[in-house]
2 protein chains.
Amino acid sequence: MATMTAAQRREKARAEYDAFIRACPTNQLLDRISDKWVSLVVAALAPAPMRYSDLARKIAGVSPKMLTQTLRTLERDGILTRTVTPSVPVRVDYALTPLGSSLALLLTAVKDWAENHFDEVHAARERYDEETDR
Amino acid sequence: MATMTAAQRREKARAEYDAFIRACPTNQLLDRISDKWVSLVVAALAPAPMRYSDLARKIAGVSPKMLTQTLRTLERDGILTRTVTPSVPVRVDYALTPLGSSLALLLTAVKDWAENHFDEVHAARERYDEETDR
DNA sequence: CAGCATCCCCTGTGATACTG
DNA sequence: CAGTATCACAGGGGATGCTG
């Protein structure tokens, strides 16, 4: 295998690259938790379990569709549990799993960072815009 | 202003809601840093400053367009600095600011979480799919 | 109450090609 | 090397209406 055309080498590199991307857990999971709604849902559930309508109210701005979609993927990923109480009317509770709680710790830290450093970011933006705008 | 039609009341509520959303620093910043490319760029720059082409190579999968776009917004937000050295060929270095470094700490933690818990998430997914698929 | 189904638009994103 | 410009596309996400 000492001989290999440039095309073959390129193809090999590409194949390895693709495998790397698919195999790379970081990118996969990072993509999922780098989601607006994921952050908000996990943060909302961090203090205490909540019902569907509580979440809808607390997150304010989320459509039923996105809320459900987000909750389903998070349930699938073992981040939270979905508990249906078959009363009338139905009652559905969502709660973080231990896994979800460990993630919530980090996302809450990020959220706190955003709150604490908003001033600096805002100031930086104004400076930048002033120097740039025209 | 005791009299107000339903439409007016709705419009007022909407205006207040919009103002609330815009005023809320958490959502604004959270949205920005809850971005795939932001995470990757900040993580890439955390160990050491890098040049444009270094970033393009390290991140692998990002288009020039998205890379530039991401770098610009992060520069605007004071997360990183852009330094042009007018040699031939041109050389542009990107480095995290102290503000950016503090954020990098958190995002790196999230990245590590993703790496360390991928197995659990993956297992949860298989369990979920097995119970659900039909 | 807690959804699911459908429609549909619009923007973010990627590919490609060109420039200082 | 470090971008910018243009185009074309997919699909994210909202609105609406219906159900167990």
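Residue numbering restarts at 1 for every chain, and letters A, B, ... go by the order of the sequence lines.
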**Message:** Side chain of Y52(A) only, heavy atoms from C-beta on: which candidate in dC1(C), dG3(C), dC1(D) is closest?
**Reply:**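 Per side-chain heavy atoms of Y52(A), the pick is dG3(C).
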
**Prompt:** Among the nucleotides dA2(D), dG14(D), dA2(C), which one has an atom lying closest to any side-chain atom of R51(A)?
**Reply:**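 For the R51(A) side chain, the nearest candidate turns out to be dA2(C).
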
Could you state the atom-to-atom distance from [atom1] of [X] to [atom2] of [N] in whole Å?
X	N	atom1	atom2	result
Y94(B)	dC1(D)	OH	P	14 Å
D31(B)	dG12(C)	CG	P	11 Å
L40(A)	dG13(D)	CG	C1'	15 Å
E75(A)	dG3(C)	CD	P	10 Å
Q69(B)	dA2(D)	CD	C1'	16 Å
D54(A)	dG3(C)	CG	C1'	15 Å
M66(A)	dT16(D)	CE	P	18 Å
I59(B)	dG3(D)	CD1	P	13 Å

**Message:** How long is the straight-line distance from CG of L74(B) back to CZ of R76(B), given to the nearest 0.5 Å?
**Reply:**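 It comes to 11.5 Å.
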
**Message:** To the nearest 0.5 Å, what is the distance between CG on D112(B) and CG on L107(B)?
**Reply:**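 The distance works out to 11.0 Å.
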
**Message:** Under a 3.5 Å cutoff, is there a donor and acceptor pairing between the side chains of T83(B) and Y94(B)?
**Reply:**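 Judged by distance alone, the side chains do not pair up.
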
**Message:** Reading DNA chain C from 5' onward, which residue's closest nucleotide shows up sooner: T68(A) or K65(A)?
**Reply:**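 So the residue in question is T68(A).
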
**Asked** DNA chain C: P64(A) or V90(A), which has the more 5' nearest nucleotide?
**Response**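 Its nucleotide being nearer the 5' end, the pick is V90(A).
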
Are OP1 or OP2 of [N] and a side-chain N or O of [X] less than 4.0 angstrom apart?
X	N	result
R82(B)	dG3(D)	yes
R72(A)	dA2(C)	no
S53(A)	dA2(C)	yes

**Message:** Within the structure provided, determine whether I33(A) and L106(A) are in side-chain contact (heavy-atom separation under 4.5 Å).
**Reply:**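 Result no, sub-4.5 Å side-chain heavy-atom pair not found.
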
**Prompt:** Would a 4.5 Å heavy-atom cut-off, applied to side chains only, mark V38(A) and K36(A) as touching?
**Reply:**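 V38(A) vs K36(A): side chains apart.
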
